[in-house]
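Naming: A, B, ... by sequence-line order, numbering from 1 per chain.
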There are 2 protein chains.
Amino acid sequence: MTRALTAKGAATRQRIVAGTADLVRARGADQVGLDDIRAATATSKSQLFHYFPDGRAELLRAVAAHEAGEVLSDQQPFLDGLGPAGSWQAWRDAVVAKYQEQGVHCPLSALTTQLGPADPGIRVIVADLLDTWHTRIADGVRRAQAAGLADPSLEADKVASSILASIQGGVVMMQATGNIEFLKVPLDAALAVIEPPAGA
Amino acid sequence: MTRALTAKGAATRQRIVAGTADLVRARGADQVGLDDIRAATATSKSQLFHYFPDGRAELLRAVAAHEAGEVLSDQQPFLDGLGPAGSWQAWRDAVVAKYQEQGVHCPLSALTTQLGPADPGIRVIVADLLDTWHTRIADGVRRAQAAGLADPSLEADKVASSILASIQGGVVMMQATGNIEFLKVPLDAALAVIEPPAGA
DNA sequence: ACAAGGCTGGACTCCACAGTCCAGTCCGAT
DNA sequence: ATCGGACTGGACTGTGGAGTCCAGCCTTGT
């Protein structure tokens, strides 16, 4: 399936994907046409179809995969460090700061809400992302338990689901209302199970 | 702004909104064209524009308002009864059953993910819905506290945010993965704060 | 009964936008 | 140096779908 790609070609392809991702994040997938992409990435129609023979749909799948990677790599350092005292709070702060800064331009919601429903290929990407993310969090919970910092009777997978859902839900509510408290409060509540807030 | 509407006209308008809502739920907003709506509601283009002079956008706003009403009225009996022992579990079961049955055809996600982002007018509707829903839950928490069934030191508003986010996030994750556990588990965890599971 | 005006049908216009095509240019291997 | 194939530009086509128009029907009030 992979065709011969020179370094130059790979760079162009990458530029298209990244540029399209920016547009999708900013406006939503259905507000982004091939002409917008052309303009934003300094390319021509023929280039778009050269790199993505199946057209717009294939390009959007590539964008989805790209964004899914971004979501994870953004948090990679925090996720790997999850476990020790304070690590959960640090991650929480990073997540909140990230969403506070991006506001409505969120790769995650672009994936789940704009791209996902339409294309089954993209749903798979989203499902994989959630699964990986979930696994990383659950691993962190187990590390905390092994270190004696968290109640060993907790079921790590369930705790991870709960934390992850609080993020997803918090983001949805934040997007709709513009109030970041709807992210902070549920996330804090979900995390309290494993690492009670410092002030308690 | 309201024009004269005879009983017949009101019925037609209502038929259009309800029929469009069905289509949007089934396929997603961007997969529903005016011709689909015509076919599904046995109407003509001119009727569509007669009742919704601003066209598709205005119709979709009406659909959003309609669906928001449905979400609340579906749960009305449970929300009003929130407080007493067992009432939370009953509500939880109803919510889970509802989503299990609808699967991916969910008015709520249609609102938040399909319609919401594009149109600011719809975002307001969604924000109102979330706000009302949040208030109802918080009231239930306070009733439980007043009855001595829940820890009086809990902040009702925060607990309500946490519960609501677990539903939103659970639904998002369920949609993406097809696994309803991602709704059940976080919702149970959020509710455990106020009414510990029967088996505990 | 007979206006007045809400209600309905459906053909028509208009355009945004995905996708095609071909004539070129650049690069890398022999 | 030259040949093949990757790469690029941009004009062109075709179509789906939103919105327009107007002629005719039905209801309601007087």
Item to check | Contact under 4.0 Å: A:Thr6 side-chain N or O vs D:dC7 OP1/OP2 | outcome: yes
Checklist outcome for this item: The nucleotide from D:dT8, C:dT20, D:dT20 with an atom nearest the side chain of B:Phe49 is D:dT20
Checklist entry - Any Lys/Arg nitrogen of A:Arg142 or A:Asp157 sitting under 4.0 Å from an Asp/Glu carboxylate oxygen of the other? => result yes
Next on the checklist: Side chain of B:Lys45, heavy atoms from C-beta onward: which of C:dA11, D:dG9, C:dA18 has the nearest atom to it?
Outcome noted: C:dA11
Item to check | Hphob cluster co-occupancy, A:Leu23 + A:Val63, side-chain heavy atoms under 4.5 angstrom | outcome: yes
Checklist entry - Given that B:Gly33 and B:Ala7 both sit by DNA chain D, which one's nearest nucleotide is further toward the 5' end? => result B:Gly33
Checklist outcome for this item: Closest to the side chain of A:Ser46, out of D:dG10, D:dT20, C:dT8, is D:dG10
Next on the checklist: If I take atom CG from residue A:Asp128 and atom OG1 from residue B:Thr177, how far apart are they, to the nearest 0.5 angstrom?
Outcome noted: 11.0 Å
Next on the checklist: With a cut-off of less than 4.0 Å, is there a side-chain N or O of A:Tyr51 near OP1 or OP2 of D:dA6?
Outcome noted: no
Checklist entry - Are B:Glu58 and B:Arg61 ion-paired here, with the side-chain N under 4.0 Å from a carboxylate O? => result no
Next on the checklist: Strictly below 4.0 Å: does B:Gln47 bring a side-chain N or O up to OP1 or OP2 of C:dC7?
Outcome noted: no
Item to check | Side chain of B:His50 - closest among C:dA18, D:dA18, C:dG6 | outcome: C:dG6
Checklist entry - On DNA chain C, nearest-nucleotide positions of B:Gly9 versus A:Asp36: which is more 5'? => result B:Gly9
